[in-house]
2 protein chains.
Amino acid sequence: MRAEDEKGVGFRPLYRQVKDTFVKRMADGQWPPGHPLASESQLASELGVSQGTVRKALDELESENLVVRQQGRGTFVAQHDEKRILFQFFKLIKNDGIPRFPESQVLSAGVFKATAEEREGLDLGSSAMVARVRRVRFIADEPVIVETLSLPDAMFPGITEVPVPNSLYAYYAERYGITIASAREKITAIALQPRDATILDRDAGHPALMVQRLALALDGRAVEWRVSLCLTDTMHYASSLR
Amino acid sequence: MRAEDEKGVGFRPLYRQVKDTFVKRMADGQWPPGHPLASESQLASELGVSQGTVRKALDELESENLVVRQQGRGTFVAQHDEKRILFQFFKLIKNDGIPRFPESQVLSAGVFKATAEEREGLDLGSSAMVARVRRVRFIADEPVIVETLSLPDAMFPGITEVPVPNSLYAYYAERYGITIASAREKITAIALQPRDATILDRDAGHPALMVQRLALALDGRAVEWRVSLCLTDTMHYASSLR
DNA sequence: CAGTGGTCTAGACCACTTT
DNA sequence: AAGTGGTCTAGACCACTGA
């Protein structure tokens, strides 16, 4: 792997090629979550680049939460453990500021023809099927979120046939080899419909946050479309601007 | 400046010391917004470190949006121009996805005794005074945000005595030498009070996003407390999870 | 063309973990 | 003590800007 390979018009630095190689290995399942990477110098000699170039590739992967480095121990492919979920993907926190992992209770699950909204979010064809899961989530035994998840059925065959666990992203990785790498959320305020209000133990019309999340896999494919209705009487969505 | 100066218990890498030096220069006004930095190698020889160490310090400052680098031109202290505001600080976008900078109309302004909420957010003493500005913001000529800003009066003397401009963060820097570096937002859903509903041309009880922002200066001081009520009928708050 | 930031390399040493 | 990531240095060359 030489820098010269890619010079000229579309110049792509060597360290990015190295990074792409590593991402590919993670997406392939060669490097599953938790996998310990070889040392930086070993990877460098394997790829025929300098240790500093490998290091720069790993710097970017670390900043994207795709690998975890521990001084003295090594570098590991990131896992969707509770800590990472809370840090990276769960922005709803109690007003006391302490993050808590919610419990879940599935209300319904099945495979259906995708709605227009789902097709648009997940970039699906007009006759595509989606697995749909509706569930309530509890924090400190209070129902605070009711949400609907939509997954392309082709990517997740049979997912609604057995009970889904509370921590979905680890399950996607384990059962289907799909790693959620990032997500985009759109947040609006809505008035609760009677059906959702009942579940959340509020009156119809009560204000709630609607969080619409599109989750993307390592290769950038849209993988999960999630619409969450969240009570914010004792909680808030935390966003850091820097 | 040698690494050895800080070894031992509280080890602080050299590049962080360099970074702190640069931040100090920005906070001091030695390096105001837009200021062109000397070249990396000049800074390195000035501080007696290697160019790579200066580079690593600038890498962090760039990732925090405190400097802007342009290959071939140089490195500049970041300014609060429209582009940066939209990118870093304005997360409410029209559902069509195109970011637009809102217009503002001030409703009232004055200096008052700080409320408990303001004292807590801004870390003020019990008898502190705050400058308070209430304004409506328009996107595409529609009133979509009504917000109240609270500023420690001691930091911003006289700010309510002349009309405040639409782009406040540039004004804080220009008139008071205070640079807003980052912010934290807490988002909840509320039902509009009659007073706010009228301003936003909706009925009382209409759902809205309440965004509570605490903005921090370069030195980490809490500088601005802002509570914005936002209509999300044709807009949403965008959040990127990575 | 000179000057800037961006990439890549090679090597030394430090901080930390594990054996 | 050995092995890992983390820091720091020095030097070469590339990509880009502006005079």
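No hydrogens, no waters, no symmetry mates; every other heavy atom, side chains included, goes into these values. By convention in this document, chain letters (A, B, ...) are assigned in the order of the sequence lines, proteins followed by strands, and residues within each chain are numbered from 1. Keep in mind it's a predicted model, so treat the numbers as computed, not measured.
Ring geometry for Tyr171(A) versus Tyr176(A): interplanar angle over 60°, hence perpendicular rather than tilted (30 to 60°).
At least one side-chain nitrogen or oxygen of Thr75(A) sits closer than 4.0 Å to the OP1 or OP2 atom of dG5(D). For dT7(C), neither phosphate oxygen OP1 nor OP2 lies less than 4.0 angstrom from any side-chain nitrogen or oxygen of Thr53(A).
Between dG6(C), dT4(D), dT9(D), one nucleotide has an atom nearer to the side chain of Ser39(A) than all others, and that is dT4(D). Of the listed nucleotides (dT7(D), dG5(D), dT9(D)), dG5(D) has the atom at the smallest distance from the side chain of Glu40(A).
The ring-ring contact (aromatic ring centres under 6.0 Å, His included) with His80(A) is formed by just one residue from the set Phe89(A), Phe87(A), Tyr172(A); it is Phe89(A).
Between the side chains of Ser104(A) and Arg137(A), at least one donor-acceptor pair of N or O atoms lies under 3.5 Å. For the residue pair Asp28(A)/Gln30(A), the side-chain donor-acceptor check at 3.5 Å is satisfied.
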Residues 49-57 of chain A side chain polar contacts: donor-acceptor under 3.5 Å, at least two apart:
{"residue": "Ser50(A)", "atom": "OG", "partner": "Gly52(A)", "partner atom": "N", "Å": "3.4"}
{"residue": "Ser50(A)", "atom": "OG", "partner": "Thr53(A)", "partner atom": "N", "Å": "3.3"}
{"residue": "Ser50(A)", "atom": "OG", "partner": "Thr53(A)", "partner atom": "OG1", "Å": "3.2"}
{"residue": "Gln51(A)", "atom": "NE2", "partner": "Glu40(A)", "partner atom": "OE1", "Å": "2.8"}
{"residue": "Arg55(A)", "atom": "NH1", "partner": "Glu40(A)", "partner atom": "OE1", "Å": "3.3"}
{"residue": "Arg55(A)", "atom": "NH1", "partner": "Glu40(A)", "partner atom": "OE2", "Å": "2.7"}

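Straight-line distance from the CG atom of Leu14(A) to the P atom of dA10(C): 11 Å, rounded to whole Å. Atom-to-atom, CG of Leu43(A) to P of dG3(D) comes out at 16 Å; the value is rounded to the nearest Å. Atom pair Phe11(A):CZ and dT7(C):C1' shows a separation of 6 Å (rounding to whole Å applied). Atom CD in Gln51(B) sits roughly 12 Å away from atom C1' in dC8(C) (whole-Å rounding). When rounded to the nearest whole Å, the span between NZ of Lys56(A) and C1' of dG6(C) equals 7 Å. The CG-P distance, from Asp59(B) to dC8(C), rounds to 14 Å in whole Å. Across the protein-nucleic acid pair, Arg12(B) atom CZ and dC8(D) atom C1' stand 16 Å apart, rounded to whole Å. Computed from coordinates, the Arg55(B) CZ to dC13(D) P distance equals 18 Å when rounded to whole Å.
At a threshold of 4.0 angstrom between heavy atoms, the contacts of Ser41(A) with the nucleic acid are absent. Contact annotation for Glu62(B): no contact, since no heavy-atom pair falls under 4.0 Å across all strands.
Taking a 4.0 Å limit (strictly below) on heavy-atom distances, residues 65-73 of chain A reaches DNA chain C at Gln71(A), Gly72(A), Arg73(A).
Residues Tyr169(B) and Thr179(B) have side chains not in contact (no heavy-atom distance under 4.5 Å, counting atoms from C-beta outward).
By the side chain to side chain donor-acceptor pair (under 3.5 Å) test, Tyr237(A) pairs with Glu185(A), Ser239(B), sequence neighbours left out.
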